[in-house]
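Atoms within a ligand are numbered from 1 in the order they appear, just like the ligands themselves. Starting from 1, each residue takes its place in the sequence as its number.
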Amino acid sequence: MEFKFEGKVAFITGGAQGIGKEIAGVFATHGASLIIGDINEALLASTVAELRQLSAQIEGYVLDVSNLKSCEKTAKKAIDKYGHIDILVNNAGITRDNLLLRMSEEDFDRVIRINLKGTFNCTKIISRIMMKQRYGRIINIASIIGIIGNAGQVNYAASKAGIIGVTKSVAKEIGSRNVTVNAIAPGYIQTEMTAVLPDEVKSKMLESIPLKREGKPSDVAHAALFLASDYSSYITGQVLVVDGGMVM
Ligand code: NAP
């Protein structure tokens, strides 16, 4: 199976680090042109400089996915630059963990606003472009927590379960325009997001992973590569779990 993305434009949110950065790198290696949107301006600049070693066709834009206007402006910049957007990866996400009784309303709202509404915002703007093109691949980064839940992550679990609902609903709405919409549900992946977890939590998670290792950002990026490719053209509305067998 050979993946060829020459002439394809991918728009990746939260691509300045972690899983999004890895997806950007893998897509660029396979010939895609990229728009990387991220709220972390400093990191975005250094990531774009680093990824330009792989491909000259990489633009980085400061983007706040929770703000519809910001998504609109960034999509317009992307269209002005490349003329089309073929792949959207809704990857930007945060955690603000706490037990339900201690979770502030602000932390609940913030996680929903960035993870879930951010996915809605970018999908709303970019799906319109894809529908006109009669071509598109939308990949939403959910989480196994959206499937199984987790103590201390009511906000995050709700946002990721919501993303799965958005994925299936949008897949039904726009399938007739040749746009597929799928989700990836990663398990425990080594990034800045999980680096802050206490060692005991990490070793407990490791025990429950049949493949006996943490996931790497590249494990998720390769799943995204498949879902963005023409090899997955008859797959839509699905959730691909990438977790070393943790949930089955
Ligand atoms: P990460 O290393 O923290 O990277 C996320 C990036 O998104 C950061 O650069 C972050 O900027 C940016 N971001 C935050 N808020 C944003 C906003 N409003 N608009 C645009 N960009 C924003 O996280 P990751 O581990 O790579 O996670 C990527 C995705 O995978 C997330 O959706 C996460 O929920 C999901 N996921 C991760 C794991 C895991 O184990 N790591 C497991 C399952 C699912 P700041 O640095 O400024 O916050």
Which ligand 1 atoms does [X] reach within 4.0 Å, using its non-hydrogen atoms?
{"X": "Ser143", "answer": "43 (C), 44 (C)"}
{"X": "Gly18", "answer": "2 (O), 26 (O)"}
{"X": "Tyr156", "answer": "33 (C), 34 (O), 35 (C), 36 (N), 43 (C), 44 (C)"}
{"X": "Ile189", "answer": "39 (C), 40 (O), 41 (N)"}
{"X": "Ile94", "answer": "14 (C), 15 (N)"}
{"X": "Thr194", "answer": "39 (C), 40 (O), 41 (N)"}

Considering only heavy atoms from C-beta outward, does the side chain of [X] approach that of [Y] to under 4.5 Å?
{"X": "Arg96", "Y": "Ile114", "value": "no"}
{"X": "Leu206", "Y": "Glu214", "value": "yes"}
{"X": "Thr123", "Y": "Ile138", "value": "yes"}
{"X": "Leu51", "Y": "Ile36", "value": "yes"}
{"X": "Val241", "Y": "Ile144", "value": "yes"}
{"X": "Asp230", "Y": "Arg137", "value": "yes"}
{"X": "Ile174", "Y": "Met130", "value": "no"}
{"X": "Asn67", "Y": "Asn121", "value": "no"}

Closest protein heavy atom to [atom], given as residue, atom name and distance to 0.1 Å:
{"atom": "atom 7 (O) of ligand 1", "value": "Gly14 CA, 3.4 Å"}
{"atom": "atom 24 (P) of ligand 1", "value": "Thr191 OG1, 3.7 Å"}
{"atom": "atom 18 (N) of ligand 1", "value": "Asp64 OD1, 2.9 Å"}
{"atom": "atom 10 (C) of ligand 1", "value": "Asp38 OD1, 3.8 Å"}
{"atom": "atom 42 (C) of ligand 1", "value": "Gly187 O, 2.9 Å"}
{"atom": "atom 5 (C) of ligand 1", "value": "Gly93 O, 4.0 Å"}
{"atom": "atom 26 (O) of ligand 1", "value": "Ile19 N, 2.8 Å"}
{"atom": "atom 13 (N) of ligand 1", "value": "Ile39 CG2, 3.7 Å"}

task: State whether the side chain of Ser55 and the backbone N or O of Arg52 hold a donor-acceptor pair below 3.5 Å, judged by distance alone.
output: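 A pair under 3.5 Å: no.
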message: Tell me if a side-chain donor or acceptor on Asn40 pairs with a main-chain N or O of Ala16 at a distance below 3.5 Å.
response: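 No, because the side chain of Asn40 does not come within donor-acceptor range (under 3.5 Å) of the backbone of Ala16.
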Just distances here: any N/O of [X] and N/O of ligand 1 closer than 3.5 Å?
{"X": "Val65", "value": "yes"}
{"X": "Gln17", "value": "yes"}
{"X": "Gly20", "value": "no"}
{"X": "Asn40", "value": "yes"}

- prompt: side-chain hydrogen bond (donor to acceptor under 3.5 Å, both in side chains) with Ser70: which residues, sequence neighbours excluded?
  reply: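 Residues passing side-chain hydrogen bond (donor to acceptor under 3.5 Å, both in side chains) with Ser70: none at all.
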- prompt: Residues in side-chain hydrogen bond (donor to acceptor under 3.5 Å, both in side chains) with His222, at least two apart?
  reply: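 Per chain and number, His222 pairs via side-chain hydrogen bond (donor to acceptor under 3.5 Å, both in side chains) with no residue.
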query: Can Leu43 be said to touch ligand 1, with heavy atoms closer than 4.0 Å?
result: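 Heavy atoms of Leu43 never come under 4.0 Å of ligand 1.
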Can you tell which part of [X] has a heavy atom less than 4.0 Å from ligand 1: side chain, backbone, both or neither?
{"X": "Lys160", "result": "side chain"}
{"X": "Ile114", "result": "side chain"}
{"X": "Ala142", "result": "backbone"}
{"X": "Leu63", "result": "backbone"}
{"X": "Asn91", "result": "both"}

- prompt: Which option out of Glu214, Met205, Met193 puts a heavy atom nearest to atom 23 (O) of ligand 1?
  reply: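 Looking at heavy atoms only, the winner is Met193.
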query: Under 30°, 30 to 60°, or over 60°: which ring-plane class applies to Phe27 and Phe5, parallel, tilted or perpendicular?
result: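 The arrangement is parallel - the two ring planes meet at less than 30°.
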- prompt: Going from CD on Glu192 to CG on Leu43, what distance comes out if it is rounded to the nearest 0.5 angstrom?
  reply: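 Going from CD on Glu192 over to CG on Leu43, the span is 8.5 Å.
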- request: Assess the side chains of Thr167 and Asn140: does a donor N or O sit below 3.5 Å from an acceptor N or O?
  value: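 Side-chain D/A pair, Thr167 to Asn140: present.
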- request: Take atom 2 (O) of ligand 1 and look for protein heavy atoms under 4.0 Å from it; say yes if you find one, no if not.
  value: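 Given the 4.0 Å limit, the answer for atom 2 (O) of ligand 1 is yes, a protein heavy atom qualifies.
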